[in-house]
Visitor: 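Please find one structure pasted underneath; my questions will follow.
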Amino acid sequence: MNGIYQLPEYYEIAFSFRDIPREVDVLGEAARRFAEIPVKTFLEIGCGNSPHMEELTGRGYDFIGIDTSDEMLTYSKEKAGERGADAR
């Protein structure tokens, strides 16, 4: 994969307009409304720079992110470590 996806810091800037807390509100509401068991973990497929990680872990959820980009995963792991997020 070429381009901005190999530059997680710039990718994060490019998509900084998003309202991540509001998006997590929607994810949480969907989990409460539609899951048949209590949701404790969110799996983000194609997590990129893991924009939802900090908000989800801050609300008490576990976070697992998967992606095909080594650069994005490395960036996400560093971000989790810096913020003390319990994420994989």
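No hydrogens, no waters, no symmetry mates; every other heavy atom, side chains included, goes into these values. Heads up: numbering here begins at 1 and tracks the sequence.
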Visitor: Can you give each donor-acceptor pair under 3.5 Å made by side-chain atoms of residues 23-34, sequence neighbours left out, with the distance rounded to 0.1 Å?
Guide:
{"unit_1": "E23", "atom_1": "OE1", "unit_2": "R18", "atom_2": "NH2", "d": "2.6"}
{"unit_1": "E23", "atom_1": "OE1", "unit_2": "H52", "atom_2": "NE2", "d": "2.7"}
{"unit_1": "E23", "atom_1": "OE2", "unit_2": "R18", "atom_2": "NE", "d": "3.2"}
{"unit_1": "D25", "atom_1": "OD1", "unit_2": "R59", "atom_2": "NH1", "d": "2.8"}
{"unit_1": "D25", "atom_1": "OD1", "unit_2": "R59", "atom_2": "NH2", "d": "2.9"}
{"unit_1": "E29", "atom_1": "OE2", "unit_2": "R33", "atom_2": "NE", "d": "3.4"}
{"unit_1": "E29", "atom_1": "OE2", "unit_2": "R33", "atom_2": "NH2", "d": "3.2"}
{"unit_1": "R32", "atom_1": "NH1", "unit_2": "G28", "atom_2": "O", "d": "3.3"}

Visitor: So, taking the atom named OH in Y10 and the one named CG in N49, what distance separates them when rounded to the nearest 0.5 Å?
Guide: 14.5 Å

Visitor: What distance separates S69 OG from Y11 OH, expressed to the nearest 0.5 Å?
Guide: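 Separation between the atoms: 10.0 Å.
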
Visitor: Can you check whether F15 reaches P51 side chain to side chain, under 4.5 Å on heavy atoms?
Guide: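 With C-beta onward as the side chain, the pair stays apart.
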
Visitor: Taking atom NZ of K77 as the centre, report whether more than 12 heavy atoms of other residues, nucleotides or ligands fall under 6.0 Å from it.
Guide: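 Atom NZ in K77 is not packed in, count stays at 12 or less.
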
Visitor: Atom CE of M72 and atom CD of Q6: how far apart are they, to the nearest 0.5 Å?
Guide: 9.5 Å

Visitor: Determine whether I20 and V39 fall in the same hydrophobic cluster, where Ile, Leu, Val, Met, Phe, Trp and Tyr are linked whenever their side-chain heavy atoms lie under 4.5 Å apart.
Guide: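 The answer is yes; both residues are in one hydrophobic cluster.
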
Visitor: Working to the nearest 0.5 angstrom, can you tell me the gap between E12 CD and S50 OG?
Guide: 9.5 Å

Visitor: Taking the side chain as everything from C-beta on, heavy atoms only, tell me whether C47 gets closer than 4.5 Å to L73.
Guide: yes

Visitor: Donor-acceptor pair, T68 side chain versus G46 backbone, under 3.5 Å?
Guide: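 Side chain of T68 to backbone of G46: no pair is present.
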
Visitor: Quick check for you: to the nearest 0.5 Å, what is the distance between I64 atom CD1 and E44 atom CD?
Guide: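 If we round to the nearest 0.5 Å, I64:CD1 and E44:CD are 11.5 Å apart.
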
Visitor: State the CZ-CD distance between F63 and E55, to the nearest 0.5 angstrom.
Guide: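 Going from the CZ atom of F63 to the CD atom of E55 covers 12.0 Å.
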
